[in-house]
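This report concerns only the one structure given below.
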Amino acid sequence: MLNMHDVVSYLASRKFTVLWSGGKDSTAVLLWVLDNVPSDRFNILFIEVTGNTHPLNIQYVYDLAEMLGVKHKLIHTRREDLDFFECLKKWGVPHFKYRWCLYHFKQIPVKKYSHKIQVMGIRRDDSYRRRKMNLIEIFRQTNNIGILPIIEWSKKDVLMYIKRRGVQLNPCYRMFGHSGNCMFCPFHSVASII
């Protein structure tokens, strides 16, 4: 059974990418990497969902990257050839069988800019599907290795960790109840939408 020490050793000896949306979970993961992984061999990938990411979210990512001293590692990408709302008109509302937004706006840029090993802010208590995930996952859609260091954390754990590090939460949470990376998302929980 792998433990966090094994994960840290694994990451310290390889190139990897931190997937960062500007949300609380991915921010906690970025902070966790900076606090625990003695390596400089990583990049940080921020994917803007063209037409659907709030400008405050983008500003938060840049400001925090500057504050943390990792702006030089940040790759900000977006699909110049697609707009979320144009795609919505063309393909309809994304659903579990055809989540076109995930593929076109996230997976394609990940394939282009990410290392094969990705550190992600996924928590088990986020959804039924995530409850089955482990500390290390292989994602069959991309064949990438996902490292999920906060998989066992609660929302409260995430918020406390960010606060202890002296980092402010993305201002979009105060305004909209979520990070603002995907303003319109049919996969937001009812509680988040309310």
Side-chain angles (χ1 to χ4, degrees), residues 2-12 14 16-49 53-54 56-76 102 106 110 114-115 117-127 129-137 139 144-182 185 187-189 191-192:
L2 291 172
N3 60 37
M4 279 303 187
H5 182 266
D6 298 327
V7 169
V8 168
S9 296
Y10 180 78
L11 289 172
R14 290 163 175 82
F16 64 93
T17 298
V18 178
L19 299 181
W20 187 28
S21 68
K24 64 185 178 345
D25 297 331
S26 64
T27 298
V29 161
L30 175 59
L31 295 170
W32 181 89
V33 165
L34 296 174
D35 290 345
N36 293 284
V37 182
S39 172
D40 199 35
R41 298 173 59 198
F42 68 93
N43 61 17
I44 303 164
L45 182 58
F46 169 68
I47 302 170
E48 176 184 342
V49 181
T53 298
H54 199 282
L56 280 175
N57 176 275
I58 298 167
Q59 189 62 52
Y60 174 79
V61 165
Y62 275 87
D63 290 348
L64 187 54
E66 180 80 33
M67 185 186 104
L68 296 172
V70 292
K71 193 171 180 181
H72 64 288
K73 294 186 163 297
L74 182 65
I75 299 169
H76 174 184
L102 179 63
K106 300 282 183 165
V110 162
S114 177
H115 297 297
I117 301 167
Q118 300 160 354
V119 183
M120 306 169 165
I122 293 177
R123 295 182 297 113
R124 279 203 179 107
D125 67 359
D126 273 344
S127 72
R129 296 174 86 168
R130 291 180 174 187
R131 281 186 205 126
K132 300 174 185 176
M133 294 179 132
N134 297 301
L135 183 59
I136 297 178
E137 285 286 328
F139 292 94
N144 289 331
I145 299 167
I147 307 294
L148 317 176
I150 66 166
I151 190 72
E152 301 289 346
W153 293 18
S154 67
K155 179 180 175 181
K156 184 179 178 182
D157 294 332
V158 167
L159 294 172
M160 284 175 47
Y161 189 77
I162 292 170
K163 187 176 181 179
R164 273 198 313 264
R165 282 290 260 106
V167 170
Q168 295 294 316
L169 204 57
N170 184 325
C172 291
Y173 280 101
R174 190 173 55 255
M175 298 170 71
F176 310 114
H178 58 82
S179 71
N181 187 258
C182 289
C185 178
F187 298 97
H188 281 184
S189 68
S192 294

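Values reported hereafter were calculated over all heavy atoms of this structure, with side chains retained and with hydrogens, waters and symmetry mates removed. The structure displayed is predicted, hence computed values, not measured ones.
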- Name all pairs fulfilling the ring pair (Phe, Tyr, Trp, His ring centres under 6.0 Å) condition that reach into residues 24-44, sequence neighbours left out, sorted by first residue then second. Phe16-Phe42
- Would Asp157 and Arg123 pass as an ion pair if we require N to O under 4.0 Å? no
- Task: Identify the heavy atoms of Lys106 and Asn181 that sit nearest to each other, and give their distance.
- Result: NZ-OD1, 2.8 Å
- Message: Working to the nearest 0.5 angstrom, can you tell me the gap between Ile122 CD1 and Ile147 CD1?
- Response: 11.0 Å
- Message: Taking salt bridge (charged side-chain N to carboxylate O under 4.0 Å, His left out) as the definition, give me every residue that meets it alongside Lys163, ordered by chain and number, with sequence neighbours left out.
- Response: none
- Hey, does the side chain of Tyr161 reach the backbone of Trp153 with a donor-acceptor pair shorter than 3.5 angstrom? no
- Determine, stepwise, if the pair Arg124 / Leu148 fulfils side-chain contact (heavy atoms from CB on, under 4.5 Å). CA-CA 10 Å; Arg124 279 203 179 107; Leu148 317 176; over 6 Å; no
- Message: Please check this pair: side chain of Asn170 against backbone of Gly23, looking for a donor-acceptor N/O pair closer than 3.5 Å.
- Response: no
- Task: In sequence, state the C-alpha distance, the side-chain angles, and the governing distance for Glu48 and Val61, and then conclude on side-chain contact (heavy atoms from CB on, under 4.5 Å).
- Result: CA-CA 11 Å; Glu48 176 184 342; Val61 165; over 6 Å; no
- Is any side-chain heavy atom of Leu45 closer than 4.5 Å to a side-chain heavy atom of Gln118? no
- Message: Tell me if a side-chain donor or acceptor on Asn57 pairs with a main-chain N or O of Ser21 at a distance below 3.5 Å.
- Response: yes
- Query: Under a 4.5 Å cut-off applied to non-hydrogen side-chain atoms, are Asn36 and Met4 in contact?
  - Reply: no
- Can any side-chain N or O of His54 pair as donor or acceptor with the backbone N or O of Leu56 at less than 3.5 Å? yes
- Any idea which heavy atoms bring Ile150 and Asp25 closest together, and the distance? CD1-O, 3.6 Å
- Query: Which atom names give the shortest non-hydrogen contact between Leu74 and Ala65, and what distance separates them?
  - Reply: CD2-CB, 4.2 Å
- Test Ser39 against Leu11 for side-chain contact (heavy atoms from CB on, under 4.5 Å), laying out the working first. CA-CA 8 Å; Ser39 172; Leu11 289 172; over 6 Å; no
- Ile145 side chain near Tyr10 side chain, heavy-atom distance below 4.5 Å: yes
- Task: Flag the pair Met120 / Val29 as yes when at least one side-chain heavy-atom distance between them is below 4.5 Å, and no otherwise.
- Result: no
- Item | Pairing residues for Arg41 by the salt bridge (charged side-chain N to carboxylate O under 4.0 Å, His left out) criterion, not counting sequence neighbours | none
- Are the side chain of Asp63 and the backbone N or O of Tyr60 linked by a donor-acceptor pair below 3.5 Å? no
- Note, Arg164 side chain near Leu31 side chain (heavy atom, < 4.5 Å): no
- Item | Steps toward side-chain contact (heavy atoms from CB on, under 4.5 Å) verdict (Leu64, Gln168) | CA-CA 9 Å; Leu64 187 54; Gln168 295 294 316; over 6 Å; no
- Query: Is the closest side-chain heavy-atom distance between Leu19 and Ser26 below 4.5 Å?
  - Reply: no
- Item | Closest non-hydrogen atom pair, Ile162 against Lys24 | CD1-O, 3.3 Å
- Between the main-chain N or O of Asp40 and the side-chain N or O of Lys73, is there a donor-acceptor pair closer than 3.5 Å? yes
- Rounded distance (nearest 0.5 Å) linking atom CG of Asp125 with atom NZ of Lys156: 13.0 Å
- Which atom names give the shortest non-hydrogen contact between Ser179 and Cys172, and what distance separates them? O-CB, 3.2 Å
- Would one find more than 12 heavy atoms of other residues, nucleotides or ligands at under 6.0 Å from atom NE2 of His5? no
